[in-house]
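These notes concern the structure reproduced below.
Only heavy atoms go into these numbers, but all of them, side chains included; no hydrogens, no water, no symmetry mates.
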Amino acid sequence: MARVTLMDVARHCGVSRATVSLVLNDSPLVAEKTRDRVRQAMTELGYVYNRAAASLRTQHSDAIGVVLTNITTPYFAEFAAGLQDTLTSSGTVPLLAVSGEDRELQSRLVRSLVERNVDGIVLVPAHGTKPSELPDLLGTPLVLMARRLNGLDVDYVGAQNRDGGYAAAEHLYSHGCRRIAFVGGFADSSAREERAGGVAEFLNDYGLSLDSDHSVVCEPARPQAREAALQLLTKDPEVDGIVCFSDVVAFGVLDAIADIGRKVGSDVRVIGFDDVHDAGLNRPSLSSVAVPARETGRRAAQLVLERAAGSAEPTVREEFPTKLEPRETCGCSRPQSLP
């Protein structure tokens, strides 16, 4: 069946096409009875608004492209939820894509979004991404989230990762840990560099160090983290504190500690990063550095909408504060509010 047009609705009602268009735009210039008649005709005829045609006329799609590296982990799911909160409340549709850390796929996805005339793009860059690998955006506003790209002058929203790493190491030190390691994350990840950098900064301040043997790189996934932690703890059984790149990594580290028969929270104290929902529900409850992922997503959406509307303000670099949530895996007691 042919698509119902505004002209079809106008003929059905005995009004002009311009009148139907005014009704679509909620114009007060059309009498209430006429508006009701036009809307009833739209329903009867099965009229569907042609947003693609409107986009050609207005040069706005009312859609924002969102490219994440992962949506299966709670951390990235919170990002996506925060983005959608702000975008949908403004009448904008998020077009979500997932790169899976594949830079070539990421490039194709970004190019496809630009070709679809999205009003802006929010991107969590795949690991190893270089600015030169991104396709020509043709003026489409770009906001980076969670990971920086050195040499690219665009808005960025993330967390105060270095402060979080520093606080985690400081807390382990207060429990008596003196052989502290950092586990997880890709070597070229800006988030890993910042989080591990915070740990190293604290250790340096107290006459200790985070040497290469105690800064373990691995994919931020539970099985890989388990294997990496097993190698670390086998090579150096004296490690008594571990700061993890993420909570997903921390769960793998807890698996490794159980595998070798050591006790979490006393033999080895562990702190994760992100404070996903399951961190507090885990048994033992996982100590973690809380990152406001949903709030970060909301702010990224707000920024890209402002750029799409023509904002020429200076480039924004915004980092939200982190907060350490001590629980059982670092040796603290389980919070009473947890089930």
Side-chain angles (χ1 to χ4, degrees), residues 51-56 58-88 90-159 185-192 219-221 246 248 274 293-294 296-309 315-316 318:
R51 191 167 295 276
S55 176
L56 289 174
T58 65
Q59 296 301 301
H60 288 286
S61 64
D62 292 327
I64 295 293
V66 179
V67 183
L68 305 181
T69 57
N70 188 320
I71 56 171
T72 60
T73 63
Y75 179 61
F76 285 104
E78 283 293 301
F79 274 143
L83 283 159
Q84 182 165 290
D85 287 345
T86 297
L87 293 177
T88 55
S90 72
T92 304
V93 175
L95 302 181
L96 178 63
V98 180
S99 71
E101 304 288 4
D102 183 327
R103 302 202 304 274
E104 183 179 342
L105 174 59
Q106 172 183 261
S107 182
R108 295 203 305 271
L109 292 171
V110 170
R111 183 180 297 109
S112 180
L113 289 168
V114 172
E115 291 170 352
R116 282 162 173 75
N117 196 36
V118 293
D119 295 334
I121 295 174
V122 177
L123 172 69
V124 176
H127 77 90
T129 299
K130 297 178 177 59
S132 60
E133 295 175 343
L134 295 178
D136 188 349
L137 297 176
L138 303 177
T140 305
L142 175 67
V143 174
L144 298 182
M145 188 168 65
R147 298 176 183 175
R148 306 175 189 273
L149 286 181
N150 293 330
L152 192 60
D153 185 27
V154 296
D155 295 331
Y156 165 80
V157 186
F186 295 111
D188 52 13
S189 164
S190 64
R192 185 190 194 280
E219 181 180 343
S246 68
V248 172
D274 300 335
R294 185 177 288 250
T296 301
R298 288 182 182 134
R299 179 58 176 144
Q302 181 184 10
L303 279 172
V304 78
L305 288 173
E306 290 172 358
R307 296 300 184 190
T315 302
V316 173
E318 190 163 340

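Remark: the backbone N or O of Ser246 is not paired with any side-chain donor or acceptor of Asp274 at under 3.5 angstrom. At distances below 3.5 Å, at least one donor-acceptor pair connects side-chain atoms of Asp155 with backbone N or O atoms of Val316.
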Can you give the donor-acceptor pairs under 3.5 Å from side chains of residues 123-135 to other protein atoms, not counting sequence neighbours?
from	atom 1	to	atom 2	distance (Å)
Thr129	OG1	Gln106	NE2	3.1
Thr129	OG1	Ala126	N	3.4
Thr129	OG1	Ala126	O	2.5
Glu133	OE1	Arg103	NE	3.0
Glu133	OE1	Lys130	N	3.2
Glu133	OE2	Arg103	NE	3.3

Under 3.5 Å donor-acceptor pairs involving side-chain atoms of residues 91-100, not counting sequence neighbours:
from	atom 1	to	atom 2	distance (Å)
Thr92	OG1	Ser90	OG	3.1
Ser99	OG	Glu101	N	3.3

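Tested against Ser112, the residues Arg108, Arg116, Glu115 include a single side chain to side chain donor-acceptor pair (under 3.5 Å) partner, Arg116.
Within the model, atoms CZ of Arg294 and OG1 of Thr86 stand 10.0 Å from one another, a figure rounded to the nearest 0.5 Å. Atom CG of Asn117 and atom CG of Asp119 lie 7.0 Å apart (nearest 0.5 Å). One finds the CZ atom of Arg298 at 10.5 Å from the CG atom of Leu83 (value rounded to the nearest 0.5 Å).
What you find for Leu68 and Phe76 is that their closest heavy atoms are CD1-O, 3.9 Å. Between Phe79 and Ala293 the shortest heavy-atom distance is CD2-O, 3.2 Å. The two residues Pro220 and Val248 have their closest heavy-atom pair at O-CG1, 3.9 Å. When all heavy atoms of Thr140 and Gly120 are compared, the closest pair comes out as CG2-CA, 3.7 Å. The two atoms that bring Leu137 and Leu142 nearest to each other are CD1-CB, 3.7 Å, heavy atoms only.
A heavy-atom distance below 4.5 Å is not found between the side chains of Val304 and Ile121.
Not a single ring pair (Phe, Tyr, Trp, His ring centres under 6.0 Å) links Tyr156 to another residue, sequence neighbours left out.
A side-chain N or O of Asp153 and one of Thr315 form a donor-acceptor pair less than 3.5 Å apart.
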